[in-house]
Each structure stands twice: as C-alpha cells, then as structure tokens.
Amino acid sequence: MTNISAGLVKELRDKTGAGMMDCKAALTETKGDIEGAVDWLRKKGLSKAANKAGRIAAEGLIGVTSKDNAGAIVEVNSETDFVARNEQFQDMVRKIASLAPKAGGDLDKLLALPFPGKSLSVADYVKEMVATIGENMSVRRAAALSVGTGTVSEYVHNKVAEGLGKIGVLVALESTGDKAGLASLGRQLCLHIAAANPAAITDKDLDPALIERERAVYTEQAKASGKPPEIAAKMVEGRLRKEFFQQVVLMQQTFLGAGGDGKQTVEQVVKAAEKTVGAPIKVAKFARYALGEGIDKKDGDFAAEVAKAAGKR
C-alpha cells in the first residue's frame with residue numbers, strides 16, 4: 001500500500017480545494033500520483049471548491065445561539081440568497097454556531113474544530129459543501145459572549161429559520177437579579193441594538209481614533225464660525241457629547257424598545273429595570289452582526305454575464 005504523506009495531501013488540497021479526506025482517498029486510489037489524483041477528484045466533482053474560491057460571497061446567514069449566561073454568533077457567507085434558503089446550508093450554519101462557544105469566538109479555533117457527526121474539521125466540511133452546492137462559501141467571523149452571573153440574550157432579525165437570519169444580536173448582562181427579568185431586558189436591548197447599531201457601550205469604550213476624527217470635523221466647523229478659540233473648543237466638546245456620543249454610544253442612545261417613551265436613554269431604562277430584577281445591572285458586552293457588512297460587493301451586469309456565457313458579444 002502506497003504511503004500517503006501529510007505533505008502530499010496538503011499539496012493536493014492547495015491545488016484543488018477539495019477536502020482532506022477526499023484528497024487522501026484520491027492519492028490512495030492513484031498511488032500518490034498528484035495529477036492522477038486531480039483528475040480523480042474532478043471526475044468525482046470534488047475539485048470545484050478551488051474554482052469557486054475567487055467569487056465574492058456576501059450573502060448567507062448569521063447564526064446565533066445562547067443559553068443561560070453564554071452565547072455565540074457567526075457569519076457564514078454564500079454567493080447567493082438562494083443558497084441561504086437551502087436546508088443543508090442552514091443546518092451547517094446552525095451547527096457551526098453551536099460550536100462557536102467552545103472556540104471562545106476565535107475564528108481559527110472554530111475552523112479547526114471537528115464538524116458535528118463528521119470526521120472533518122469545520123473548514124474542511126465547508127469546502128465539501130462548496131463542492132456539493134456549487135457556490136463559494138466561507139465562515140467569515142465569530143464572537144462569543146459570557147458572564148459569570150447574569151444572562152446572555154439573543155435576537156435574530158429577518159429570521160429564515162430558528163437562530164438564523166440577516167442580522168444577529170447578543171447582549172450579556174451581569175447581575176445577581178431575577179433571571180426572568182434580566183432575560184426580558186436583554187431581549188429588549190437586543191431589539192434596540194439591532195435597530196440603532198451602536199459602536200460601543202460607553203464613550204470610554206469607543207475607538208479613540210473615531211472620536212478624534214469627529215472632533216477634527218467639528219473643530220473645522222467651529223473655526224469657520226469665527227468664534228474665539230476658547231468658545232470654539234467648548235462648542236466642539238458640546239457637539240461631541242450631544243450629537244456624536246448620543247448617536248453611537250449604547251447607554252446614551254434614546255431607547256427604541258417596547259415601553260420606551262422616545263425620551264429615555266438606554267442607561268435610564270437599565271437603571272429602572274434594576275428595581276424590577278432586584279439588583280444592579282451592568283451591560284457587560286454586546287455583539288451585532290449584519291450580513292455582508294463591510295464586504296466590497298461588485299456591481300455586475302447580469303444580462304452581460306449571461307450573454308458572455310453564451311458566447312455572445
């Protein structure tokens with residue numbers, strides 16, 4: 001029996017994009033002949049992944065899972081929304097999300113974990129799915145939240161199946177208070193975050209570079225007003241507090257959830273909830289994923305693509 005080295009398997013994987021076990025089977029079948037193994041994989045339809053890898057995958061699903069005081073969120077992309085409605089793809093995303101807490105939100109660790117019920121890693125299983133479904137796919141990002149005492153709540157917007165949708169939110173609340181009351185507040189905060197898209201919990205958590213960029217804009221506008229420097233400086237800081245922070249800082253945003261009067265801030269709503277749960281509440285962490293955000297999508301002419309595929313000019 002031909003000895004198939006790990007290096008040979010890797011070479012074939014890099015060449016074809018097929019799964020590790022398929023590469024090993026191909027090399028075993030062809031007695032270690034790389035080119036013969038490539039042809040073997042092509043005949044089996046297992047080398048498609050490499051051909052799809054350059055395509056932009058900006059569709060797909062956000063997968064969310066939570067239980068008690070821990071939860072996780074992942075984004076798994078595909079090329080088309082049609083695939084996102086495929087039950088096999090949905091099952092894959094749901095199972096990857098279920099593994100994310102074990103990986104602590106670390107994407108590399110998540111991809112290296114064994115896929116449930118398979119003798120493959122998550123990364124290799126995704127490659128097999130690329131070959132099976134015929135579209136480029138990728139696990140783009142993952143996050144995990146947990147608290148020592150308290151709750152982690154979840155919300156999925158534009159839900160297509162349980163725990164799957166286009167926007168996913170997790171909120172971790174630290175408190176020794178009533179769990180049911182905390183879960184209710186957490187759910188409302190998830191809804192708010194889905195709509196308001198805050199950048200941080202408090203202004204101290206904001207990226208300093210983001211603050212300085214806004215300050216620079218306000219400073220130029222203040223200078224143009226002709227006000228004395230000391231007055232202009234106060235104008236800048238006032239605008240940062242009243243305009244910028246109230247837009248992007250969670251605790252300073254106007255609460256958008258049920259029961260809000262359009263005037264209360266999130267901080268005031270959380271403070272009021274402390275009376276209900278019987279203990280102080282700290283919004284410890286949150287995560288919000290919107291499908292495809294930040295991906296540079298190419299604008300294509302579908303009719304032209306069809307004509308080109310048909311050999312027309």
Asker: For the residue pair Ser153 and Cys190, what are the closest heavy atoms and their distance?
Answerer: O-SG, 3.5 Å

Asker: Hydrophobic cluster mates of Phe82, side-chain heavy atoms under 4.5 angstrom, ILVMFWY only, any path?
Answerer: none

Asker: Any chance CD of Glu162 has more than 12 other-residue heavy atoms, nucleotides or ligands included, within less than 6.0 Å?
Answerer: no

Asker: Test of understanding: with salt bridge (charged side-chain N to carboxylate O under 4.0 Å, His left out), list the residues that count as partners of Asp81, not counting sequence neighbours.
Answerer: Arg85, Lys166

Asker: List the atom pairs, donor and acceptor, that lie under 3.5 Å between side-chain atoms in residues 271-286 and the rest of the protein, sequence neighbours left out.
Answerer:
from   : atom 1 : to     : atom 2 : distance (Å)
Glu274 : OE2    : Ile281 : N      : 3.0

Asker: Test side-chain contact (heavy atoms from CB on, under 4.5 Å) on Tyr289 and Leu170; report intermediate values, then the result.
Answerer: CA-CA 9 Å; Tyr289 283 1; Leu170 288 173; over 6 Å; no

Asker: What salt bridge (charged side-chain N to carboxylate O under 4.0 Å, His left out) pairs are there with at least one residue in residues 138-153, not counting sequence neighbours?
Answerer: Glu75-Arg140, Glu75-Arg141, Arg141-Glu293

Asker: Which pairs would a plain distance check flag for residues 31-38, meaning a side-chain donor or acceptor within less than 3.5 Å of a matching protein atom at least two apart in sequence or in another chain?
Answerer:
from  : atom 1 : to    : atom 2 : distance (Å)
Asp33 : OD1    : Glu35 : N      : 3.4
Asp33 : OD2    : Gly36 : N      : 3.3

Asker: Less than 3.5 Å apart, any donor N or O on the side chain of Thr149 or Glu174 sitting next to an acceptor on the other?
Answerer: no

Asker: Using the side-chain contact (heavy atoms from CB on, under 4.5 Å) rule, pick out the option among Asp205, Thr265, Asp203 that qualifies with Val249.
Answerer: Asp203

Asker: Can you pull out every salt bridge (charged side-chain N to carboxylate O under 4.0 Å, His left out) where at least one residue sits in residues 227-238? Sequence neighbours excluded, please.
Answerer: Arg215-Glu237

Asker: Indicate the atoms forming the closest heavy-atom contact of Val76 with Ile96, along with that distance.
Answerer: CG2-CD1, 4.3 Å

